[in-house]
Amino acid sequence: MKKFNDIKGFIFDLDGVISTTSNLHSKAWQEIANEVGTKWTKELANNLKGVSRMDSLNLILKSGNQNHNYTAKQKKYLTDKKNSIYLRLVNQLTPYDVLPGIKDFLESLIRNNYLIALASASKNSSEVLKRLKLTRFFPKIVDPSTLKHGKPSPDIYLEAVKLLKLNPEQCAGIEDANAGADAINAANEISIGIGNKDILKQADIVFSNTEKLTLDNIKKFTTII
Ligand code: B16
Ligand code: MG
């Protein structure tokens, strides 16, 4: 049984939880999908959330039935191209792109002595945090390039727990993506989803948006988990 009073640390996903950057990833991938002739759908966009760069490209190619038509070199060219489109968009980020309520929530965690870590699949997370002026909240960031398996495997959430020197039951993870919520559950932490509860069915708690992410609201739900 997972209980609110056991929570000592919060582990954050970045894109789609802290900032609007999930839309920027989508924009960049949409250009790549057009280039390889894969139809861009809402479902495909949703399936890419939280998924690593190369795995995302593979999903796009698979969705257009052409996973065998590209060499490793061509795939590298396409993922590099996606990243430069994404970084151009990241360059325009400002603190206004932090999702509503997130800064207040982070400040309330510090005031209440919770530990905080970042578990983003993105290799650009430090740059994004810098642009959003949130670096000071995240002294502990998991380096995704050190992990064997990406989300939905639990690796990134287990590594974050290690960085915080806590046990999984003492941590809650916050995610906007199915792959991420699966990763939190597999790590045996409390999973908090941000988005549509009909899509994030596997999460322990789902808030429709980040404004609802407060310690009081989490407490209300976790007493009944
Ligand atoms: P990069 P998250 C994930 O970040 C994004 O949701 C996903 O769309 C992206 O492909 C992945 O990071 C890798 O990002 O290409 O910047 O290394 O949601 O885990 O914070
Ligand atoms: Mg995300």
Side-chain angles (χ1 to χ4, degrees), residues 10-33 40 42-63 75-91 93 97-99 102 116-132 134-135 137-138 140-147 149-160 173-184 186-187 189 191-196 199-200 202-203 206-207 209-210 213:
F10 283 86
I11 303 172
F12 286 75
D13 172 45
L14 174 64
D15 303 309
V17 168
I18 292 175
S19 70
T20 52
T21 38
S22 50
N23 301 332
L24 308 186
H25 279 292
S26 280
K27 250 191 204 171
W29 280 127
Q30 195 171 354
E31 282 196 35
I32 302 298
W40 187 252
K42 250 190 176 173
E43 198 193 349
L44 178 58
N46 195 51
N47 288 343
L48 301 185
K49 284 187 187 168
V51 174
S52 76
R53 210 176 294 170
M54 190 52 84
D55 287 351
S56 297
L57 176 66
N58 284 330
L59 285 176
I60 290 172
L61 293 176
K62 202 168 161 207
S63 167
K75 287 186 183 182
K76 169 88 170 62
Y77 164 79
L78 289 167
T79 49
D80 284 352
K81 183 165 177 183
K82 183 268 172 178
N83 198 45
S84 49
I85 300 168
Y86 178 66
L87 284 178
R88 230 180 298 133
L89 298 168
V90 162
N91 250 321
L93 282 179
D97 297 298
V98 176
L99 282 164
I102 288 294
I116 303 174
L118 191 78
S120 168
S122 177
K123 293 179 177 147
N124 298 301
S125 61
S126 298
E127 182 58 27
V128 171
L129 288 176
K130 199 168 100 192
R131 300 245 155 229
L132 300 173
L134 292 180
T135 306
F137 291 104
F138 294 95
K140 311 269 181 208
I141 299 178
V142 179
D143 176 358
S145 63
T146 62
L147 305 169
H149 309 286
K151 300 171 187 177
S153 291
D155 303 24
I156 196 162
Y157 278 92
L158 291 174
E159 194 53 37
I174 310 168
E175 274 283 353
D176 66 317
N178 288 107
D182 284 339
I184 300 172
E189 298 162 23
S191 50
I192 302 175
I194 303 292
N196 185 334
I199 293 177
L200 287 165
Q202 68 275 67
V206 180
F207 296 121
N209 59 59
T210 47
L213 185 65

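Bear in mind that the values here come from a model prediction, so they are computed numbers and not experimental data. Along the sequence shown, residues are numbered consecutively beginning with 1. As the structure lists them, so they are numbered: ligands from 1, and atoms in each ligand from 1.
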Has ligand 1 got any nitrogen or oxygen that is less than 3.5 angstrom from a nitrogen or oxygen of [X]?
X	answer
Y86	no
S52	no
D176	no
N83	no
A119	no

Just by modelled atom types, is the [Y] backbone N or O under 3.5 Å from a matching donor or acceptor in the [X] side chain?
X	Y	value
S84	D80	yes
S56	V51	yes
N209	I194	no

Could you tell me if [Y] and [X] have a donor-acceptor pair between their side chains, going purely by distance under 3.5 Å?
X	Y	value
S122	S120	no
D143	S145	yes
N83	K123	no

[X] neighbourhood, listing ligand 1 atoms whose heavy-atom distance to it stays under 4.0 Å:
X	value
L14	20 (O)
K151	2 (P), 19 (O)
S56	10 (O)
K82	15 (O)

For this session: May I ask which of G50, S120, S22 has a heavy atom nearer to atom 20 (O) of ligand 1 than the others do?
Result: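 Answer by nearest heavy atom: S120.
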Problem set entry | Intermediate values then yes/no, side-chain contact (heavy atoms from CB on, under 4.5 Å), E175 and Y157 | CA-CA 11 Å; E175 274 283 353; Y157 278 92; 2.7 Å; yes
For this session: Go through the steps for F12 and F138 under the test ring-ring contact (aromatic ring centres under 6.0 Å, His included), then give the verdict.
Result: CA-CA 9 Å; F12 286 75; F138 294 95; 5.8 Å; yes
Can you pull out the closest protein heavy atom to [atom]? Residue, atom name and distance to 0.1 Å, please.
atom	answer
atom 14 (O) of ligand 1	S122 CA, 3.2 Å
atom 15 (O) of ligand 1	R53 NE, 2.7 Å
atom 4 (O) of ligand 1	D15 OD2, 2.6 Å
atom 11 (C) of ligand 1	V51 O, 3.3 Å
atom 17 (O) of ligand 1	K123 N, 2.7 Å
atom 18 (O) of ligand 1	D13 OD1, 2.8 Å

Find the distance between [atom1] ([X]) and [atom2] ([Y]) and round it off to the nearest 0.5 Å.
X	Y	atom1	atom2	value
R53	N58	CZ	CG	13.5 Å
L44	S63	CG	OG	4.5 Å
I174	I18	CD1	CD1	8.0 Å
E127	L132	CD	CG	10.0 Å

For this session: Kindly state each residue pair satisfying salt bridge (charged side-chain N to carboxylate O under 4.0 Å, His left out) with at least one member in residues 12-28, sequence neighbours excluded.
Result: D13-K151
For this session: Look at the rings of H25 and Y86 and say which category their plane angle falls in: under 30° parallel, 30 to 60° tilted, over 60° perpendicular.
Result: parallel
Problem set entry | Any E175 heavy atom less than 4.0 Å from ligand 1 |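 The answer is no: ligand 1 sits nowhere under 4.0 Å from a heavy atom of E175.
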Exercise. Around the Mg ion (ligand 2), how many protein N, O or S atoms are closer than 2.8 Å?
Worked result: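 If we list every protein N, O or S atom nearer than 2.8 Å to the Mg ion (ligand 2), we get 3.
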